[in-house]
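So you know, we letter chains A, B, ... as the sequences are listed, proteins then strands, and number each from 1. This is a predicted model, so every value here is computed, not measured.
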Protein chains: 4
Amino acid sequence: MTDTFHSSQPIYTQLAERIKRQILRGELKPGDKLPSVREMGIQVSVNPNTVQRTYRELEGMGIVETRRGQGTFVTEEQEVLQQMREELKQEEISQFVKGMHEMGYSDQEIEVGLQAFLLSGKGTNNND
Amino acid sequence: MTDTFHSSQPIYTQLAERIKRQILRGELKPGDKLPSVREMGIQVSVNPNTVQRTYRELEGMGIVETRRGQGTFVTEEQEVLQQMREELKQEEISQFVKGMHEMGYSDQEIEVGLQAFLLSGKGTNNND
Amino acid sequence: MTDTFHSSQPIYTQLAERIKRQILRGELKPGDKLPSVREMGIQVSVNPNTVQRTYRELEGMGIVETRRGQGTFVTEEQEVLQQMREELKQEEISQFVKGMHEMGYSDQEIEVGLQAFLLSGKGTNNND
Amino acid sequence: MTDTFHSSQPIYTQLAERIKRQILRGELKPGDKLPSVREMGIQVSVNPNTVQRTYRELEGMGIVETRRGQGTFVTEEQEVLQQMREELKQEEISQFVKGMHEMGYSDQEIEVGLQAFLLSGKGTNNND
DNA sequence: GTGGTCTAGACCACA
DNA sequence: GTGGTCTAGACCACT
């Protein structure tokens, strides 16, 4: 995770997405402390101000909570996390479809292709 | 397009994928000349030898043709390009599903989510 | 086997041919391990990268299989080896005829000469 | 032609063969002067004594003639050259067949393969 | 100019 | 150890 950022989205948005994914992946659990803005700035080689902005955004969504003098923590409110999970799913799907469209695949190709792939069992994660 | 390469895949593979996508997107059309190995090497800031390996790989798949002293060109054989299109679709879907699984989404969530998204018309590309 | 390479063909091609011949001669049997790229590089006094390209080429033809950290092995797939045998026969014949033409022998001289030679029994390998 | 010698045959034999081929190819014509033993020794990077021996052998076969103080010349006697042509044909065929046998090809495979090749017209030298 | 080959040398991943 | 990748730099062949 020492990469830099690539897409045309603002960096703070990308960083927020990345943190959301880490939460979903379980790399960050409810109640966990996020790295300090300075620390995170170094880790992802980004200006601490940008990290600050990211944390503010996430706080606005209720995903993290800032406690003065202690740091920033992943919320323990399941409801919020659940909602985030749903929203991120939408975003991922949206991005995926957009990318496929750009490469000229039709909605039908995408849907049929996905179904075929899932049925073929190449994914093997039928539940979680 | 001055980025560098990121995943753990070899550069020549990533570059090949990128070129395939450019063909699908229509940024490179059948018969078009690709940048020379040296030129492309500068563009993506890798060694010309690495670019050449990419071109050789693509040539092996029949996607490009090289003409000594002239350059490397996108094939005009529709059949080959068609096959590439299918293969790339599979790859994209596979990567997408893999990523979703990593974030804890089940096959069903993915499929239902996709269908809902497509039906909602947010994609608006029903054909191409 | 300490010779170097001579014709105007690229070294990696000549080395591949040499290995194919060794397989046909039975000096290398299906399942046998080839010398490591470095070892072979020393044996034939070429750069290990050149040897690797040879191995990669042979792997592309299905003639050898490489196992990371273990080495490169002659395939055990008889079908592939059989096909290789046929192709190499064509190549040998082609080269022979080409050489004879260069020395001014006509097709007829070649064919009649060969038949006479085989009938005379000087070869004594009517079967194998 | 700056190569060295490779097979297990004595060098003077190989050199003699090479010169015979040059005559057949027309690179050396009847009456032409061969390089001096010293000169030839340098050209093929071989000891002049070895060249001397080669010339002696060729002279024994009547293929070249040595004229004191002038040098060594290709004979102008067509009969001798004709005979050499026949003998060389035999040798070439013999070597070819021997090589094919070593790789496990049967007489029949060789003959059928040759006929097929000549008929396919890939050689295109039906006369000379 | 173009692609093609080869080398020397470095570093990585797998076992 | 093994193969795999990548670089830098050289030289060749084609046009």
Completion exercise
Paired with C:R21, the salt bridge (Lys or Arg N to Asp or Glu O under 4.0 Å) test is passed by just one of C:E91, C:E27, C:E92, namely C:E92
Exercise for the section: Please assess C:F5 against C:L15 for the test side chain to side chain contact (heavy atoms under 4.5 Å, CB included), listing each intermediate value before the final yes or no. Expected result: CA-CA 8 Å; C:F5 294 90; C:L15 181 52; 4.1 Å; yes
Exercise for the section: Please determine, by modelled atom types, if B:Q83 and B:E87 share a side-chain donor-acceptor pair under 3.5 angstrom. Expected result: yes
Exercise for the section: Give a yes or no answer on whether the side chain of C:Y105 reaches the backbone of D:K89 with a donor-acceptor pair at less than 3.5 Å. Expected result: yes
Problem - Residue pairs involving residues 69-78 of chain B (criterion side-chain hydrogen bond (donor to acceptor under 3.5 Å, both in side chains); sequence neighbours excluded) - result: B:E65-B:T75
Completion exercise
Reading nucleotides 1-9 of chain E from 5' to 3' and marking B where a protein heavy atom lies under 4.0 Å of the base, S where only the sugar-phosphate is that close, and - otherwise, the string is BBBBBBBBB
Exercise for the section: Can you run through DNA chain E from 5' to 3' and write each base as (, ), [, ], | or . depending on how it pairs? Watson-Crick or G-U wobble, both distances under 3.5 Å. Expected result: ||||||||||||||.
Problem - Check: B:E39/B:Q43 side-chain N/O donor and acceptor closer than 3.5 Å - result: yes
Handout entry: side chain to side chain contact (heavy atoms under 4.5 Å, CB included) between D:V51 and D:V46, worked out
Key = CA-CA 7 Å; D:V51 179; D:V46 137; 3.9 Å; yes
